[in-house]
Structure formats: C-alpha cells, structure tokens
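Reading through the structure tokens given below for one structure.
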There are 2 protein chains.
Amino acid sequence: MNKNSKPQANQKVTASDVAAKAGVSKWTVSRTFTEGASVSPRARERVLKAAAELGYRPNLLARGLTKRQTHIVGLVVDEMDNPNLLALINATTSQLQSRGYLSMLLNISSENDHGAAISLADQFQVDGLIFLGTVLRDELVELAQQIRHIPLIVLYRNCMDPNIQVVSTDGYRAGREIAALLIEQGYRRIGYMTGLISESTQLRRLEGFRDGLAEHGLAVEEILEGGHYQRACGYRTLERYLETMVPAERVEALFCENDILAIGALDALHKRGEVGSMGIVGFDDIEEAASPSYALTTYRQPLEQLVSEAVRRISLRDAAPRRHLVPGELIIRDSHRRTH
Amino acid sequence: MNKNSKPQANQKVTASDVAAKAGVSKWTVSRTFTEGASVSPRARERVLKAAAELGYRPNLLARGLTKRQTHIVGLVVDEMDNPNLLALINATTSQLQSRGYLSMLLNISSENDHGAAISLADQFQVDGLIFLGTVLRDELVELAQQIRHIPLIVLYRNCMDPNIQVVSTDGYRAGREIAALLIEQGYRRIGYMTGLISESTQLRRLEGFRDGLAEHGLAVEEILEGGHYQRACGYRTLERYLETMVPAERVEALFCENDILAIGALDALHKRGEVGSMGIVGFDDIEEAASPSYALTTYRQPLEQLVSEAVRRISLRDAAPRRHLVPGELIIRDSHRRTH
DNA sequence: ACGCTTTTTGCAACCGGGTGCAATCTGATA
DNA sequence: TATCAGATTGCACCCGGTTGCAAAAAGCGT
C-alpha cells in the first residue's frame with residue numbers, strides 16, 4: 001500500500017538522462033551547470049527544461065570527486081555544554097549555507113574519538129576545518145597537521161600554534177578599553193576575576209587590562225579566581241571576597257572574564273544588599289546582561305564579523321596561518337557605575 | 001619559508017599507490033578495506049603495512065559514489081535559540097559518530113532557505129535525515145517527500161504526517177503518570193499551563209493528563225496559557241492568576257508544559273511568599289530543576305534512548321513510516337507537594 | 001561564395017574506489 | 001599424481017560527474 005506511484009523523481013536522474021531528453025550529450029548538460037562554460041543559449045534552455053521536468057539534481061559526491069572541492073566545511077566542536085556555542089554554531093552554519101557551503105559537525109567532546117572524527121572529515125575531503133570555540137590542545141594541533149592542505153581556523157578562541165589560523169576577538173584591545181572605562185569612572189583600586197585558567201584568549205584579555213591600567217600608573221589590585229563558567233562560581237567567589245575584606249580595603253571595580261561570572265558577582269552584591277558598592281563589568285553580552293535587573297556593562301564579541309571572516313578564508317582557500325583579531329564593542333549599561 | 005619538506009603524506013595517496021608499494025593490484029587493496037571480502041592473510045598484511053607507511057586513507061566521496069551509502073546523516077535544525085537543542089545535537093552527533101556516521105548540520109532557522117538546505121543534503125546522498133526538535137510544517141513535509149528514499153525521522157517532537165517517522169517521548173503516557181501523581185497527593189482541583197500551542201507533541205501530553213484525571217472523575221480545572229519558552233512567561237502567567245483568584249478558588253496543583261515555565265511559576269509563588277501553597281510539576285528535567293532552591297518535580301525525556309533509536313533506524317535504512325514512543329521517567333522532588 | 005576566426009559540441013579519459021565474473025592458485029582427497 | 005572444490009586475484013566496467021582536446025558548426029568580412 002505504500003507503493004508510491006506518483007511520477008516523482010524518486011530514484012536517480014543522472015546527467016545522461018537529462019541529455020537524452022534534451023537531445024544533447026551529457027557533457028553539454030554538465031556544462032550547462034558549470035559557471036562560465038561555453039554552451040549555446042538554445043542548448044542551455046533545452047537542458048534546463050529537461051532537467052526541470054525530470055527533477056534532475058547533480059550528485060555532489062561525484063562533482064566533489066572531480067572538482068576536488070566539496071563545499072563541505074568541518075565544524076569541530078568541544079564543550080557541548082557552553083550555551084554560547086549554540087549561537088556560534090547557528091551563525092556559522094547560517095553564513096556557510098548562504099554562501100553555498102554545508103557544515104559537517106564533528107563532536108569531540110568527552111568520550112568521542114578526536115582522531116577518528118578529524119580524520120573522517122579529512123577523508124570526506126572537507127574544504128576546511130573550523131574549530132568553534134575549541135581550546136586546541138597540542139594533541140589536536142598535531143592531528144590537524146596530518147591532514148590535507150586546507151584552511152584550519154580557530155574561531156572565537158586563541159591558539160598559539162603558528163600553523164593554525166586564528167579568527168578571534170581582540171582580547172588585548174578589549175582589556176584596554178575596559179581599563180580605560182573604569183579609570184574614567186574614577187576608580188583607583190581595580191580587580192579582575194578570571195575564568196578557567198586554561199583558556200588562552202583570556203590571558204590576552206588580562207594583559208590588555210593590565211597594560212591599560214599601567215598607562216595610568218595603576219595595577220590590577222586583586223585577581224579573583226572565578227573558576228567554571230557558572231553563576232554560582234562568580235557568586236561564591238565574590239561572596240567570599242566580600243566576607244574577608246572590609247569595605248575600605250576592597251577593590252572599587254571588578255572586571256569579570258565573562259558575563260556569567262559577572263552576573264554571579266552581581267547576585268552576591270544583591271544578596272548582601274550592597275548593590276552599587278562596586279563597579280562590575282562583564283564580557284560577552286549574553287542575553288541576560290541586558291535585563292534591567294542586571295544592566296550589565298559588558299563587551300560584545302563581533303560574532304557575525306568573526307564568522308564572516310572565517311567563512312571568507314575558507315572560500316578563498318586561504319590556508320596561510322595568519323591571525324585575524326577583530327575589535328568588539330563596549331556595551332555601556334549601569335553595572336560599572338557605583339551609586340554609593 | 002613555508003615549504004613543508006617533511007615527508008608527510010600531504011597530498012593524495014590512492015589505493016593504486018598502496019597497491020604498487022605492496023605489490024598487489026588496487027582491487028586487492030580495496031578488498032582489504034572491505035568487511036568480509038576474500039583476501040589472503042599474507043596479502044592483507046602487506047597491504048596494511050604499505051597503507052600505514054603511506055598514510056593511506058580511502059576517499060570517502062569515491063566510496064560513497066559506488067556503494068550508494070555515504071554514512072552522512074543530515075541533522076535538520078530549527079529554533080537555534082532553544083538551549084535544549086544543544087543537548088540534543090550533542091547526543092545525536094555523539095552517537096552517530098560512535099557508530100561511524102557523520103552529521104551534516106542543516107540550519108533552517110529564520111532567513112535560511114529551507115528548500116535549498118534540504119535539497120543540498122539530498123544531493124550529497126545523505127543516508128537519512130533527522131529533524132531535531134523541529135516542528136515540521138507542511139511545507140517541510142512536502143520538501144522531504146521529494147527526496148530520495150531514505151529514513152526521515154522527527155526526533156523529540158511529534159509530526160502527524162503519515163509518511164514521516166517519529167521517535168519521541170510518549171507524551172500521553174507522561175501526562176497520565178503526572179495526573180496519577182497529583183491525584184495521589186490528594187489534589188482535586190488541578191490545572192495545566194501550556195507552552196506555545198503550535199507544538200503538537202504537547203497536545204498529547206495534555207490529552208494524557210486529561211484522561212488520567214478523568215479516570216478518577218476529575219477534570220482539568222484551569223488551562224493557563226504560558227506562552228513562550230521563557231521564565232518570565234511562566235512567572236507572569238501565574239502571577240496574574242494568583243492576583244485574580246482568591247486562594248480558595250485556585251487550583252491546588254499545576255502541571256506546566258516545560259520546566260522553564262514551571263520555574264517561572266515557582267518564582268512567582270516565591271515572590272508572593274506563597275511557596276508551598278501550590279503543587280508544581282514541570283517537564284524536561286533541565287539542569288536548574290535539580291537545584292535545591294527549586295527541587296522541581298518533573299519528567300525526564302529519555303534523550304539517549306530516543307537518539308539511539310533514531311540512529312538505529314538510520315543504520316538499518318529503515319524508511320518505513322513507523323512511530324516510536326519511548327516512555328520517560330518521572331523525577332520526584334519536592335515542588336509537587338504542598339506544605340500548607 | 002570562400003577562407004578564417006570563434007563558438008559549440010562530442011569524445012576519451014579521469015576522479016578514486018567498488019563489484020561481478022572468470023582466471024589462477026591453493027591444497028586436500030582419491 | 002591427477003582431480004576438483006574453494007579461496008584468491010586480476011580485469012573490465014561502473015558510480016556520476018568534469019576536463020582537455022579536436023572536430024564540427026556558426027559567424028563574419030570581403
């Protein structure tokens with residue numbers, strides 16, 4: 001009862017089929033679908049008509065085989081629990097698709113076999129590999145070296161290996177801008193809350209922050225270790241700090257490595273009824289940051305631009321290991337101000 | 001200065017190369033890498049050795065072309081803002097990879113061209129299409145009909161079209177279980193908070209809930225429209241309800257269509273200092289549900305099982321439009337109890 | 001109408017590997 | 001040692017498209 005008798009092009013329609021119907025050779029069909037090939041308008045029209053009637057769609061495997069270009073890009077993803085990641089994946093796949101590329105998702109979180117995944121992508125002749133917010137361990141770099149000569153791009157994170165391309169937010173610059181903002185507010189005693197130490201981008205952030213302060217003769221008075229990417233971590237870290245330090249000794253402002261920690265910090269201030277006693281700045285501009293109850297001053301990473309640059313490099317087949325840092329945007333709300 | 005002179009297998013190593021080095025024909029090489037093909041142990045060994053030395057890796061495009069099986073699965077994804085989605089994507093890609101499949105992500109959210117994306121996947125000869133938490137509009141179903149005969153699976157959602165396979169949580173059963181739980185608590189006046197109406201799975205949930213209550217001679221006293229998947233929505237909806245109804249007239253317990261709404265509802269109770277005055281049950285068991293400040297009683301969808309079933313069907317090339325409903329698990333915490 | 005330049009088009013070969021079939025090689029049995 | 005089944009291997013050809021080359025057709029000036 002399931003026999004579909006509709007004349008829909010259920011099975012394979014090949015170029016030869018179209019050729020037969022259009023009364024030309026299959027090569028002419030191929031040329032019709034090749035940009036800038038030489039085909040007479042008349043032939044093209046007949047081919048197009050026949051193709052439409054038959055519902056012809058070129059087999060992309062075959063095309064990839066001969067053209068040595070598949071228009072598939074491997075997206076290597078780790079840490080599948082970071083909510084930012086979804087936005088990254090969304091933006092990347094979206095832009096890739098609109099430029100005619102397809103994304104192959106390679107999950108290398110936890111128990112998955114990293115080597116197998118990357119090798120498999122290579123065997124599929126992907127046109128490039130984008131590491132999405134992945135912290136590239138040496139092990140991965142080594143793997144990546146063994147594959148074909150294609151663009152390897154670390155997006156949204158940093159990677160010091162000279163053979164890997166990087167497209168990322170200019171953390172150093174961001175750090176300086178935030179330092180400048182806080183100094184402008186008149187703060188002298190300024191602190192920094194780190195996330196997990198392992199993430200190399202953030203180091204540059206702190207460096208820039210430090211240098212920005214140094215220009216005005218200031219130093220980072222206090223470095224708090226925030227730890228994981230969780231509100232509770234920011235909360236506990238600041239809470240403990242507030243407990244141990246009398247108000248006069250505390251820093252007046254705190255730059256947190258990401259919004260989640262910053263929001264946790266704000267929660268801690270709130271809990272102790274000390275909202276407004278310390279300027280807080282975050283990083284990322286996540287959705288909650290805009291909520292009026294936080295009004296978090298933060299720094300927005302130029303997501304679309306970053307992705308766009310990465311995609312551009314892939315489509316240019318640019319495998320040269322350059323590094324591209326894009327400036328983000330300071331989002332000024334209220335949390336960096338002290339009200340008392 | 002960038003000339004890589006290392007003897008690494010930078011370029012293409014084909015089966016013929018391996019054959020030459022191993023002193024056999026390329027067909028023997030092919031057979032060596034084919035499960036269950038007839039190759040003498042001696043030949044196999046020599047091929048394997050040569051392959052290893054040369055760093056040979058079969059070209060999967062070529063293989064896919066002849067075998068008519070690519071081991072690529074298209075993951076069609078919509079609503080890239082739903083955080084549940086990330087867990088779904090993670091589980092799916094992970095399981096696919098461990099079974100030797102690769103995932104091609106097709107983003108059909110917002111401005112992306114749905115038709116183009118799905119058609120492209122088809123042209124790449126994917127072995128199946130999984131719609132991840134996508135609400136399958138008719139338009140999509142129609143598109144899907146036009147492609148090759150491969151499994152089309154809607155995962156984590158429902159779809160009434162008889163030509164599409166469904167692998168999803170048994171919402172009807174869940175609804176009944178929750179009804180039973182609430183009745184067991186002694187409640188008589190029981191309500192339901194909906195999410196967005198458009199999502200068809202949830203209808204079954206309400207049906208089951210309704211039937212479960214009916215068995216004990218009860219009905220759903222109140223249907224609150226929660227709206228979007230946002231805490232604020234659950235919050236506002238319940239707040240408004242509490243404002244308009246005097247305690248004696250209120251429902252004693254409320255089953256919310258998802259945890260986000262349920263948590264919003266708990267927030268509303270908390271805000272009014274009426275925690276414990278109403279039993280609340282959610283659905284999904286998101287991370288926050290376990291937090292002691294909510295202790296949300298909820299229903300966990302069997303994510304891994306669902307994914308596993310979908311992957312199984314793909315690998316069996318089972319394109320028959322069956323529908324598979326998996327029971328989830330009631331997670332009993334405290335929020336369904338009344339304390340006063 | 002004629003020679004000459006451009007297009008257009010057909011063909012063979014190829015991308016990298018897989019399959020059916022027949023030829024060849026085992027080696028165990030008679 | 002001859003015989004024959006079964007395992008192994010080579011070969012031609014296929015998958016579905018693309019490309020370089022040369023032949024055929026069309027355009028053009030005179």
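Below, chains carry the letters A, B, ... as their sequence lines are ordered, and counting in each starts from 1.
To the nearest angstrom, P of D:dT9 lies 13 Å from CD of B:Glu45. Distance, A:Asn59 CG to C:dG16 P: 16 Å, rounded to whole Å. For the pair B:Arg42 CZ and D:dA7 P, the computed distance is 17 Å after rounding to whole Å. Put simply, NE2 on A:His71 is 12 Å from P on D:dT18, counting in whole angstrom units. The CD atom of A:Gln69 sits 18 Å away from the P atom of C:dC15 (whole-angstrom rounding). Rounded to whole Å, atom C1' of C:dG17 lies 12 Å from atom CG of A:Leu61. The separation between A:Phe33 atom CZ and D:dG17 atom P is 10 Å, rounded to whole Å.
Using a 4.0 Å cut-off, no side-chain N or O of A:Ser38 falls inside it from OP1 or OP2 of C:dT7. Checking the phosphate oxygens (OP1, OP2) of D:dT18, a side-chain nitrogen or oxygen of A:Arg63 falls inside 4.0 Å. The side chain of B:Thr66 contributes no N or O atom lying less than 4.0 Å from OP1 or OP2 of D:dC15. Contact annotation: B:Thr28 reaches the phosphate of D:dG10 (side-chain N/O to OP1 or OP2, under 4.0 Å).
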Worked verdict on A:Leu60 versus B:Leu61 for side-chain contact (heavy atoms from CB on, under 4.5 Å):
CA-CA 9 Å; A:Leu60 263 20; B:Leu61 293 182; over 6 Å; no
Are A:Val24 and A:Val29 close enough, and set up right, to give a side-chain contact (heavy atoms from CB on, under 4.5 Å), and what steps lead you there?
CA-CA 8 Å; A:Val24 296; A:Val29 174; 4.2 Å; yes
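Counting heavy atoms from C-beta on, the side chains of A:Leu75 and A:Met104 never come closer than 4.5 Å.
Donor-acceptor pairing under 3.5 Å, judged by distance alone, is present between the side chain of B:Arg31 and the base of D:dG10. Below the 3.5 angstrom threshold, one finds no donor paired with an acceptor across the side chain of A:Arg68 and the base of C:dG16. You'll find a donor-acceptor pair under 3.5 Å spanning the side chain of B:Lys26 and the base of C:dG17, going by distance alone. Looking at B:Trp27, its side chain has no donor and acceptor atom pair within 3.5 Å of the base of C:dG17.
For an aromatic pair to be called close, the ring centres must be under 6.0 Å apart, and A:Phe124 with B:Phe124 fails this. In summary, the aromatic rings of A:Tyr156 and A:Phe131 are positioned with their centroids too far apart to meet the 6.0 Å limit.
For the helix from C:dA1-D:dT30 to C:dA30-D:dT1, the angle separating the two terminal helix axes comes to 40°, with each axis derived from five pairs and the value rounded to 10°.
Across all strands, B:Val29 comes closer than 4.0 Å to no nucleic acid atom at all (heavy-atom distances).
The nucleotide whose nearest atom lies closest to any side-chain atom of B:Leu65 is, among D:dG16, D:dG17, C:dT9, D:dG16. Here the side chain of A:Lys12 is nearest to one of D:dT18, D:dT9, D:dG16, namely D:dG16.
Under a 4.0 Å N-O distance rule, the pair A:Arg317/A:Asp127 does not qualify as a salt bridge. The pair A:Lys49-A:Glu45 fails the salt-bridge criterion, with no side-chain N (NZ, NE, NH1 or NH2) lying under 4.0 Å from an Asp/Glu carboxylate O.
Comparing B:Ala62 and B:Ala43, the nucleotide of DNA chain D nearest to each residue sits closer to the 5' end for B:Ala43.
Under the ring pair (Phe, Tyr, Trp, His ring centres under 6.0 Å) criterion, A:His71 pairs with A:Tyr101, sequence neighbours left out.
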